[in-house]
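Below: one structure, written as structure tokens.
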Protein chains: 2
Amino acid sequence: MKLSKKAEYALRAVVAMARSSRTKPVPIQELSEVAHVPVKFLEQILLILKRGGILQSKRGVGGGYQLLKQASHITLAEVVRLIDGEFVPMSCTEAVAADGSPGGTCECGQQGGCGLGRSFSDLQHVVNEYLESQSIQDILQREQPDDVLVFEI
Amino acid sequence: MKLSKKAEYALRAVVAMARSSRTKPVPIQELSEVAHVPVKFLEQILLILKRGGILQSKRGVGGGYQLLKQASHITLAEVVRLIDGEFVPMSCTEAVAADGSPGGTCECGQQGGCGLGRSFSDLQHVVNEYLESQSIQDILQREQPDDVLVFEI
DNA sequence: CCAATTCTCGATCAAATTAGTCGAGAATGA
DNA sequence: TCATTCTCGACTAATTTGATCGAGAATTGG
């Protein structure tokens with residue numbers, strides 16, 4: 001019941017990019033150092049974020065990655081969903097439709113959604129709403145200024 | 001980012017036991033059928049729940065498992081924590097103390113807790129509070145009476 | 001005491017997932 | 001043309017997950 005390292009690294013990378021006031025692209029190599037993420041692993045991650053419309057890239061000298069949107073318009077949910085997929089706490093939540101109406105049959109054998117499915121479906125919504133509510137900008141504002149590592153400009 | 005099958009099965013088993021009005025112990029075999037969980041796997045699970053103080057067992061003919069507490073006094077949190085351990089959404093939340101005071105150094109390199117750690121620590125609390133708030137009795141009340149399978153008495 | 005029943009428990013196992021690496025290649029700019 | 005930097009598919013090692021197996025110990029009924 002936790003984020004994958006990949007998602008955690010993705011968040012770290014996006015936060016690090018948002019922290020920098022630099023307008024030039026950041027090479028993977030440099031981002032890797034600031035965010036404490038293995039280079040080749042970060043490579044994969046940034047590619048996913050790019051395909052997901054969060055970043056843009058530029059090749060060659062002076063190239064690297066840049067945020068495509070403002071930090072205040074990128075939510076935790078967006079990043080996490082791209083990497084780890086939707087948060088689904090257990091199999092039976094899938095049988096419960098958004099409006100609570102009966103869906104398919106749960107793996108547990110009951111039809112129209114079981115009590116556990118309903119309860120965990122509520123949890124799913126609580127979590128999603130929280131992740132949607134938090135932007136990368138919000139994260140920056142909760143950092144302690146004295147301990148933060150920023151790119152050199 | 002989801003419960004293990006083990007935790008899901010544990011919840012199903014506890015809910016099934018709570019559903020039954022029977023006062024005699026339920027054998028693993030029977031529980032396995034009602035809860036749709038493989039017998040030998042369920043065996044392991046029930047043992048954990050027993051050691052965790054949720055169930056009691058009795059051997060021999062007429063033996064089986066029984067809830068040790070009322071359904072209204074068993075929370076989802078209790079069951080899930082026994083099987084899957086504490087919900088910790090990411091590594092950096094560990095560096096944030098319960099009161100928000102600076103803890104150790106995150107894996108991300110920052111000291112006194114990073115912004116991500118603080119935000120996910122909040123999520124952790126939201127989730128824990130939800131799971132603590134929901135009892136097995138609450139789950140029973142959300143079942144649809146017509147579709148539920150109960151033990152024969 | 002014997003046999004059937006039922007829990008106990010450690011070992012083992014296959015498949016899936018996770019975390020991370022490698023190396024070749026394509027685009028870009030100087 | 002060369003250095004730089006992203007692109008991308010393949011690969012691997014370790015871990016976790018989801019089970020299964022089999023021997024054994026307790027309990028009850030006869």
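Chain naming here is simple, since letters A, B, ... match the order of the sequence lines and numbering starts at 1 in each.
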Next item on the list: Provide, to the nearest angstrom, the distance between the NZ atom belonging to A:Lys2 and the P atom belonging to D:dT15.
Entry: 13 Å

Notebook entry, point to check: Between A:Gly63 and A:Gln44, who's closer to the 5' end of DNA chain D by nearest nucleotide?
Noted result: A:Gly63

Margin query: What contact category does B:Leu46 fall into here, base, sugar-phosphate, or nothing, at under 4.0 angstrom with non-hydrogen atoms?
Written below: nothing

Check: Under 4.0 Å between a side-chain N or O of A:Ser57 and OP1 or OP2 of D:dT5?
Finding: no

Note to self: Regarding B:Glu143 and A:Arg118, does a basic nitrogen lie under 4.0 Å from an acidic carboxylate oxygen?
What the structure shows: no

Note to self: Could you tell me how far apart B:Lys6 (NZ) and D:dA19 (P) are, to the nearest whole angstrom?
What the structure shows: 11 Å

Notebook entry, point to check: Taking CZ from A:Phe41 and C1' from D:dT7, how many angstroms apart are they, rounded to a whole number?
Noted result: 17 Å

Margin query: Please pick, from C:dT6, C:dC9, C:dT21, the nucleotide with the shortest atom-to-atom distance to any side-chain atom of A:Pro38.
Written below: C:dT21

Notebook entry, point to check: When you check the gap from the basic side-chain N to the acidic O, do A:Lys5 and A:Asp84 get nearer than 4.0 Å?
Noted result: no

Checklist line | Residue pair A:Gln134, A:Thr75: steps toward the side chain to side chain donor-acceptor pair (under 3.5 Å) verdict | finding: CA-CA 6 Å; A:Gln134 293 277 300; A:Thr75 64; over 6 Å; no

Note to self: Regarding C:dT6, can its base be found pairing with the side chain of B:Glu43 as donor and acceptor, where the two atoms are less than 3.5 Å apart?
What the structure shows: no

Checklist line | Spacing between B:Lys24 atom NZ and D:dT27 atom P, to the nearest angstrom | finding: 17 Å

Margin query: So for atom NZ, which belongs to B:Lys2, do other residues, nucleotides or ligands contribute more than 12 heavy atoms lying within a distance under 6.0 Å?
Written below: no

Item checked: Between C1' of C:dT6 and CD of B:Gln56, the distance in whole Å -> 15 Å

Check: Rounded to whole angstrom units, what separation is found between the CD1 atom of A:Ile45 and the P atom of C:dT18?
Finding: 13 Å

Got a list of protein N/O to nucleotides 25-30 of chain C N/O distances below 3.5 Å?
{"from": "C:dA26", "atom 1": "N3", "to": "A:Arg59", "atom 2": "NH1", "distance (Å)": "3.0"}

Notebook entry, point to check: Which other residues end up in the same hydrophobic cluster as B:Val126, if Ile, Leu, Val, Met, Phe, Trp and Tyr are linked when side-chain heavy atoms come under 4.5 Å apart?
Noted result: A:Val126

Next item on the list: Can you sort out the partners of B:Lys24 under salt bridge (charged side-chain N to carboxylate O under 4.0 Å, His left out), two or more places apart, ordered by chain and number?
Entry: none

Margin query: Do A:Tyr9 and A:Ile83 have side chains that approach each other closer than 4.5 Å (heavy atoms only, starting at C-beta)?
Written below: no

Item checked: Minimum-distance nucleotide (side-chain atoms of A:Lys40 versus D:dG18, D:dC21, D:dT7) -> D:dT7

Checklist line | Gap between atoms CG and C1', on A:Asp84 and C:dA19 respectively (whole Å) | finding: 13 Å

Note to self: What is the separation between atom NZ on A:Lys50 and atom C1' on D:dT5, rounded to the nearest whole Å?
What the structure shows: 12 Å

Check: From the list D:dT7, C:dT8, C:dG20, which nucleotide is the closest neighbour of the side chain of A:Tyr9?
Finding: C:dG20

Note to self: Starting the side chain at C-beta, find the nucleotide from D:dC8, D:dA19, C:dC9 nearest to B:Lys5.
What the structure shows: D:dA19

Margin query: I want to check one thing: is the phosphate of D:dC8, taken as OP1 and OP2, less than 4.0 Å away from some side-chain N or O of A:Arg51?
Written below: yes

